[in-house]
Amino acid sequence: MSDDLPGSPATAPDGLTAPHAVYEACLERGVLAFQACARCSAAIFPPRGRCSQCGADALTWRASAGRATVYSTTVLTPRDRAAHAVVLVNLDEGYRMMSRIDDSEVAIDERVTVEIAQVDGRALPLFVRNGGDR
Amino acid sequence: MTDERALRGRVAIVGVAESDLGEVGPGVTALDLAEQASGRALDDAGLTIADVDAVFSHSAFYAMPTVTLAERLGVRPRYTDSTAIGGSSFLAHLRHAAAAIDAGLCEVALIAYGSNQRSAAGGLVPSAQNHIPSYETPFGARLPVSAYALAAARHMHQFGTTREHLAEVAVAARRWAQLNPAAFEQSDLTIDDVLGSRMVSSPLTVRDCCLVTDGGGAVVVTSADRARDLPRPPVFYLGGAEAHWHTSISQMDDLTMTAASETGARAFDLAGLRPTDVDVVELYDAFTINTLLFLEDLGFCAKGEAGDFVTGGAIAPGGRLPVNTNGGGLSYCHPGMYGIFTLIESTRQLRGEAGDRQVSDVHVALAHGNGGMLSSQVTVLLGDDSTL
């Protein structure tokens, strides 16, 4: 197992092998998990069974540092709650995910950091602004 | 056949029709509309259900769409295809029908669609419920509009595209709709109206988003040889291409570049044509950003320049390029999956039967379908007999 894979090593909670179940269990423990391919080193998200870059059956669980750059953002203003931004963020480890930032001022290219929160009884990886840094 | 180019001109659209459109009211089902459009398209083609031996359909309202529709119509097909790739499905069906007819697997293909989403639900009825986890829905996005909003925001950031550029697309669509008696929205619309309307998911306002209507459509396809014996002028299939690169918007590599960049290039290559050869362009405009992205990706202008390309009414009636001459999904009709209407309008323009909105001297039409979150893309080139 190569140590130069993106992120840091992460262990699947005991007994779990199904990709989504591992991801959710890691989140509940406060870890933003993703997968990396031991053959081609690609960072892979969302979770799956085999590498979608090279096809190898060689995915291994990794922990993200949760630092990212905003790739795009859209602001929604629901009637029943405050305005929020739905964002696509590029994680430093080399993958992209959707998330939410409860600050509609967030802009493309801004640096943001994950903050795992309990929402409706489940752990969700939300992000917060790093004070407007680029 | 070893080269797809051999399909060029081998099949033709011989009948097209819409069902009743707009708001059909309570009691009329999606299947009723698909049936109605099918019957009218067969009448237009001078054919009957006895001639149909292939059925192509997709629906958000009933499972096994071709099986359901064929029973209703009284058709027992020997070729059946419910390819479900969202709003572009019906353009994919045309390419599949072309290959199947040319291979002798069937002779007369009916492609049909119906939706009563406005009367039944008042909003978009999605095609299927996913029973797998989503890595997007927990974050409060309003899908699909937020996906297109993210693409628009990125295009603005990267290329300096403005909300005024997006509004130009909505205004051009409305001006075409005002020439189409079947269009749902006929009232005047200005750039300022679009800019001042309710924001749904920034930077897209309600006027950057397509209509929510009822409606159905159908297209009848057969071999070029048989088409020449039928009453309507044949509209020949010159080439088509399908591609999809992602399903979730978070997995789209570059939000400013869709798979239409692949399908456009392939379809033009198969047809032996270039964008400058196209006389009318019918694009899947579920949102104003779609039109900008597809004009770029299909090669009508360079990447990043569509905002300037559409400015000053350039794609409106009398502009430099006629785009969405029926008024599009933005102002004419959008029952949830708009693709079949790009084929219907292309056919009418090529036949010269588009009334007040008829573009002069039309020989080549491009129809482009989109599905999901800028996901599936299908491009089809059609032509009259001068293109063979």
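Below, read A as the first sequence line, B as the second, and so on, with proteins coming before strands; counting in each chain starts at 1.
With hydrogens and angles ignored, the 3.5 Å screen pairs no side-chain donor or acceptor of B:Asn370 with any backbone N or O of B:Gln377. Without hydrogens or angle criteria, B:Glu168 side chain to B:Asp308 main chain gives no donor-acceptor distance under 3.5 Å. Within the 3.5 Å criterion, the main-chain N or O of B:Thr190 finds a donor-acceptor partner in the side chain of B:Asp193. Looking only at distances, a side-chain donor or acceptor of B:Thr213 sits under 3.5 Å from a matching main-chain atom of B:His334. With hydrogens and angles ignored, the 3.5 Å screen pairs no side-chain donor or acceptor of A:His84 with any backbone N or O of A:Thr77. Of the possible donor and acceptor atoms, none in the side chain of B:Thr379 sits under 3.5 Å from a partner among the backbone N and O of B:Ala267. Remark: side-chain polar atoms of A:Arg111 are not paired, donor with acceptor, to backbone N or O of A:Arg67 under 3.5 angstrom. In this structure, A:Arg62 contributes its side chain and A:Leu5 its backbone to a donor-acceptor pair below 3.5 Å. A:Arg129 places no side-chain N or O within 3.5 Å of a backbone atom of A:Glu110 that could act as its donor or acceptor partner.
Of all heavy-atom pairs spanning B:Ser146 and B:Ser201, the tightest one is OG-OG, 2.9 Å.
The contact list for residues 246-261 of chain B toward chain A, using heavy atoms and a distance under 4.5 Å, reads B:Ile249, B:Ser250, B:Gln251, B:Met252, B:Asp253, B:Asp254, B:Leu255 by residue number. Contacts between residues 12-26 of chain A and chain B, counted as heavy-atom pairs separated by less than 4.5 Å, involve A:His20, A:Tyr23. Using a 4.5 Å cut-off between non-hydrogen atoms, the part of residues 149-156 of chain B that approaches chain A consists of B:Ala149, B:Leu150, B:Ala153, B:Arg154.
At a 4.5 Å heavy-atom cutoff, the contact between A:Arg122 and chain B is made by side-chain atoms alone. Within the 4.5 angstrom heavy-atom criterion, no atom of A:Pro78 approaches chain B. With a threshold of 4.5 angstrom between heavy atoms, B:Val200 approaches chain A through N, CA, C or O but not through any side-chain atom.
The shortest side-chain heavy-atom distance between B:Leu293 and B:Lys303 falls under the 4.5 Å cut-off.
Under the 30°/60° scheme for interplanar angles, the aromatic rings of B:Tyr338 and B:Tyr284 are found to stand perpendicular.
Scored by the side chain to side chain contact (heavy atoms under 4.5 Å, CB included) test, A:Ala123 finds A:Leu27, A:Glu28, A:Ile116, A:Gln118 as partners (sequence neighbours excluded).
Checked by atom type, the side-chain pair A:Asn130/A:Thr113 shows a donor-acceptor distance below 3.5 Å.
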